[in-house]
Amino acid sequence: MLHRPLRRLLLATAVAALTLGACASPQPEVAGSAQVSTQEGTARSGQVTYDFGDTAYAPPGLDGKRMELKAAVTYPRKLDGGKHPLVMMLHGWGDTCAAGDKPVRGQGWPCAKGAKPVDNYLGYAYLAEALADKGYIVVSVAANGIQAQEKDEGHTARAALLDKHLQMWTQLSAGEGPLRELKQFTGHVDLDRVGTLGHSRGGGGVIAQALDSHTPPAGVHVRAAMALAPAMNGIDADKERITRIPLAVVAGTCDAMWEDGKVAATMAAGNSNAEHHDVPGGNHNFFNTIWTPGTGPAFATDRPGREIRWRRAARQHRTLVSRQVRPGSRHPRWAGRLLRRRVHLLRAGLRDDAHGG
């Protein structure tokens with residue numbers, strides 16, 4: 001039986017939660033070994049990054065093309081005392097590569113000589129740190145190789161990418177597999193309490209992973225999923241349903257893709273633990289700090305006014321929040337505070353006795 005706090009998670013715009021049923025064949029093996037680096041972190045949370053390289057993995061849905069297998073792990077500094085719930089994060093579609101202060105577009109993957117990948121996967125560090133402070137291990141997955149090469153099955157590739165990382169974490173929990181170098185996590189990851197979060201096309205990947213037609217990796221129990229401003233590229237909303245996994249969909253009312261979130265909620269009709277929530281004045285990009293001017297690279301854009309005008313032209317109706325966000329304004333500062341304030345509801349939903357809670 002689902003706990004009452006989990007319903008609060010879904011009803012209060014919280015943050016959180018795996019091989020697609022149509023992709024039953026074994027996933028390709030990981031190529032190479034991981035390069036592990038340790039970041040400074042905060043007083044209460046540490047961070048480590050693992051990276052198998054830009055062509056380590058060929059997921060289904062990407063026509064045999066290869067991509068990176070890379071993630072940033074944010075975790076409580078004190079891992080002793082038992083197992084910690086796991087939260088998987090997946091970023092959306094943005095600029096893939098950059099040379100200095102300029103984006104490099106149309107070059108495919110990996111990035112061309114002289115360019116480096118944009119760190120889209122680091123844009124949710126504020127959420128990862130808040131969750132780690134409460135006892136969660138958070139894995140934010142890089143997916144630049146998908147967005148640079150995808151066609152109509154990007155959601156399939158993203159769901160498979162999450163599955164691949166979860167598969168490696170399942171092996172790591174036993175001290176085995178490609179991530180075995182991260183031995184500090186062995187015996188401290190609770191794969192029976194997994195949450196997923198995706199933004200934009202990453203939200204579409206999380207939704208694809210939550211579908212009733214999807215089979216999670218053995219030993220993994222996804223307790224809740226959350227899609228921030230999801231882009232439903234390629235998902236057959238008329239056919240697919242989400243009735244088994246609790247789902248929360250959150251979208252800004254100044255988001256040009258606001259209606260996509262409504263479609264996702266419709267797919268969960270009959271799911272008593274599924275809700276759609278609006279963030280008044282929020283646009284599409286503000287969930288990711290890498291996409292936000294002032295915190296992201298020089299070419300970051302966060303223009304709710306532009307999105308409002310796009311919606312007006314495309315839908316031929318007045319925006320719901322034209323008085324709340326002025327054209328050209330930066331992302332509302334209260335939005336990050338709202339998400340941080342709601343993070344504790346994820347903890348309530350996933351935990352029975354989550355450490356640090």
Side-chain angles (χ1 to χ4, degrees), residues 2-18 20-21 87-93 127 154-156 158-159 162 195-214 216 222-288 307 310-311 314-315 317 319-321 335 338-339 342-343 345-346 348-350:
L2 292 169
H3 297 292
R4 186 178 301 275
L6 182 54
R7 289 189 172 89
R8 291 180 58 210
L9 159 72
L10 300 173
L11 293 171
T13 71
V15 176
L18 274 184
L20 290 173
V87 176
M88 306 295 295
M89 292 184 176
L90 185 61
H91 67 82
W93 190 94
L127 295 177
H155 63 285
T156 301
R158 288 181 175 88
L162 287 173
T196 61
L197 179 149
H199 174 212
S200 189
R201 294 197 186 190
V206 164
I207 288 172
Q209 193 188 42
L211 296 174
D212 292 352
S213 60
H214 181 90
V222 178
R223 296 282 187 168
M226 182 169 189
L228 302 176
M232 304 294 291
N233 303 71
I235 298 178
D236 189 345
D238 293 329
K239 176 182 177 182
E240 300 287 0
R241 291 293 177 266
I242 304 172
T243 62
R244 296 182 292 110
I245 296 176
L247 173 70
V249 178
V250 179
T253 53
C254 288
D255 187 348
M257 302 186 70
W258 179 72
E259 286 83 359
D260 276 30
K262 297 292 187 181
V263 172
T266 300
M267 292 170 60
N271 185 339
S272 61
N273 293 290
E275 292 288 343
H276 180 281
H277 304 280
D278 293 331
V279 179
N283 65 6
H284 190 74
N285 283 3
F286 80 90
F287 293 105
N288 189 319
E307 295 198 32
W310 187 93
R311 278 191 63 196
R315 307 297 181 184
H317 64 245
T319 177
L320 299 175
V321 289
L338 169 67
L339 288 174
R342 299 301 187 184
V343 158
L345 295 176
L346 168 63
L350 292 181

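Numbers for residues simply follow the sequence, beginning at 1. Note that this is a predicted model, so its numbers are computed, not measured.
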### Query
How far apart are the closest heavy atoms of Gly198 and Val206, and which atoms are they?
N-CG2, 3.4 Å
### Task
In plain terms, say whether Arg241 and Asp212 are close enough for a salt bridge, that is, a side-chain N and a carboxylate O under 4.0 Å apart.
no
### Task
Would you please test Thr253 and Val279 for side chain to side chain contact (heavy atoms under 4.5 Å, CB included) and show each step?
CA-CA 6 Å; Thr253 53; Val279 179; over 6 Å; no
### Query
Passes side chain to side chain contact (heavy atoms under 4.5 Å, CB included), Ile207 versus Ile242? Steps please.
CA-CA 8 Å; Ile207 288 172; Ile242 304 172; 3.6 Å; yes
#### Entry: For Pro230 against Ala264, the heavy-atom pair lying closest together
CG-CB, 4.5 Å
#### Entry: Rounded distance [0.5 Å steps], NE2 in His214 versus CZ in Arg244
8.5 Å
### Task
Of all the heavy-atom pairs spanning Ala225 and Ala210, show the shortest one and how long it is.
CB-CB, 4.4 Å
### Query
From Asp255 CG over to Phe287 CZ, what is the distance, rounded to the nearest 0.5 angstrom?
8.0 Å
### Task
Classify the angle between the aromatic ring planes of His199 and His284 as parallel (below 30°), tilted (30 to 60°) or perpendicular (above 60°).
tilted
### Query
Distance from His155 atom NE2 to Met232 atom CE, nearest 0.5 Å?
9.0 Å
### Summary
d(Ile245 CD1, Asn273 CG) to nearest 0.5 Å is 11.5 Å
### Task
To the nearest 0.5 Å, tell me how far Ser200 OG sits from Asn285 CG.
8.0 Å
### Message
Between Leu127 and Met89, is there a side-chain heavy-atom distance shorter than 4.5 Å?
### Response
yes
### Task
Under the side chain to side chain contact (heavy atoms under 4.5 Å, CB included) rule, what do Met226 and Thr196 come out as? Steps first, then yes or no, please.
CA-CA 6 Å; Met226 182 169 189; Thr196 61; over 6 Å; no
### Query
Could you give the distance from CG (Leu90) to CG (Leu162), rounded to the nearest 0.5 Å?
5.0 Å
### Query
Is there a donor-acceptor contact under 3.5 Å from the side chain of Asn283 to the main chain of Phe286?
yes
